[in-house]
Amino acid sequence: MAINKTINKRTNTHGAMRNCIEYVLRQDKTSELLTYVTGPYCHDEINYDLVYRTFLEEKKVWDKDSGRMYAHNIISWHKDEQITPEQALEFGKEFAENWFSGFQTLVAVHKDKDHIHCHLVTNSVSYEDGRKLHNTKKDLERMKQLTNQMCRERGLTVAEKGKHFDGSQIEKGEVIAWSKDKYNLFCQQVKDSFVADCAMAVLKALENCISKEMFIEKMKQFGWNVNWTEKRKHITFQNQDGKKVRDSNLSKTFHLDISREGLENEFNGNYERVRAEAERTNGADEELAGYYRQVEAACEGAGGVTGASDGRERRVTGEKSEDERVYSEISGKDTQAENGKTEAILRESRNARRNSEIKRRNSSFDNRTVRNAEVESIASEEQRRFEEQKRLEEQERARAARRRNKRRSGPEL
């Protein structure tokens, strides 16, 4: 049974695309033997940085480096399905080459869960003609039909509406998979909707948390207190109405790994992503700073008396200075014209460095602003939904109280 889901998250920034590719290629979830890139890819190995650069280069060729950056699909199989990771990779490759023909697609199989699933990250710009990727609602239905057809060709189970993997009927009100649509249905039809409310709060809180303390604080913002102590076996969540939910209840109801170990693994994964991002930024800054130090050293050493003397001594021994290696064409020359060129190069270097630093600071500020706005928007929406739910519950309690009073008073004489 293969379920093909399109992940509808914010996909219109370079950072979102890079983070998605980095997550899909995490070493604790997959291996290079279970990864593949369809379309043009000139590198011998597959890692998130090379794939990210390849996607960007294709966008720049067609001058379409804006708007939607990528599409993200997940093809997952039931835990009892007889399929190997290698077969799942071939399935993902064939699907990508058929459905996303003409577009670069990263295919990676994850086997870190109790069920095998395959991630597909597709560049939004075609390498054939530069057209943008676009899927309508009808396309999503056709995507489902193609997935089912590929399952039948391989003798795999095909998902049937209203039935379990083994063919048995799903009972009314039973929740077997997580999605926002099922959550909304659950809230409308099931009395214990606070359980689904808690599950959604946990998933949202987990997106950016890197520690237990941060998670507890985030859950508190969503209206849930967390009782997480070493003495207790289970984590307990309690809302403002006093209703409690255990982690084991959430895990069983929604097939989520909401346990001590599961949450801590998510914290560690989020922390590693944050750390990797910081290392990339710091590494780029150091590389830029080192480059400009070399340029300035070369320029300053080109026409000075001391530099010329040092240069002559090195040439006698057959060695070259670092300045000569970087800018060999100007080292050892002591003319007024060359000094003028040196000053011009130095000025250009300093101007370029200043402009680069200004752009980096502006970019960092813009990214922080966007992230803060997203967090505030989510918190605001959660608060609005919570207040609306509370208002409806108060109305229901008031109606119930009126009915009880009417029954107690009895018919008038």
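Index from 1, following the sequence.
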For N73, all residues meeting side chain to side chain donor-acceptor pair (under 3.5 Å), sequence neighbours excluded: N4, T6
Pairwise side-chain hydrogen bond (donor to acceptor under 3.5 Å, both in side chains) hits with a residue in residues 57-69, at least two apart: H14-D65, E58-W62, K59-N123, K59-S124
Results of side-chain contact (heavy atoms from CB on, under 4.5 Å) for Y271 - residues two or more places apart only: I210, R275
Which residues share a side-chain contact (heavy atoms from CB on, under 4.5 Å) with E387, sequence neighbours left out: Q383
Sequence neighbours excluded - salt bridge (charged side-chain N to carboxylate O under 4.0 Å, His left out) pairs with any residue from residues 219-231: none
Evaluation steps, side-chain hydrogen bond (donor to acceptor under 3.5 Å, both in side chains), between Q149 and Q145: CA-CA 6 Å; Q149 176 186 336; Q145 293 172 2; over 6 Å; no
Polar contact flag, side-chain donor to acceptor under 3.5 angstrom, H119-H72: yes
Residues in side chain to side chain donor-acceptor pair (under 3.5 Å) contact with N239, at least two apart in sequence or another chain: none
side-chain contact (heavy atoms from CB on, under 4.5 Å) partners of N98, counting only residues at least two apart: E94, L146
Set of residues satisfying side chain to side chain donor-acceptor pair (under 3.5 Å) with respect to S259, sequence neighbours excluded: D257
Listed partners of E90 passing side chain to side chain donor-acceptor pair (under 3.5 Å), at least two apart: K93
Test side-chain contact (heavy atoms from CB on, under 4.5 Å) applied to E86 - qualifying residues, sequence neighbours left out: L34, T84
Salt bridge (Lys or Arg N to Asp or Glu O under 4.0 Å) evaluation trace for D241 with K243: CA-CA 6 Å; D241 293 331; K243 294 183 178 180; 5.6 Å; no
Listed partners of F91 passing ring pair (Phe, Tyr, Trp, His ring centres under 6.0 Å), at least two apart: W77
Residues forming a ring pair (Phe, Tyr, Trp, His ring centres under 6.0 Å) with F267, sequence neighbours excluded: F215
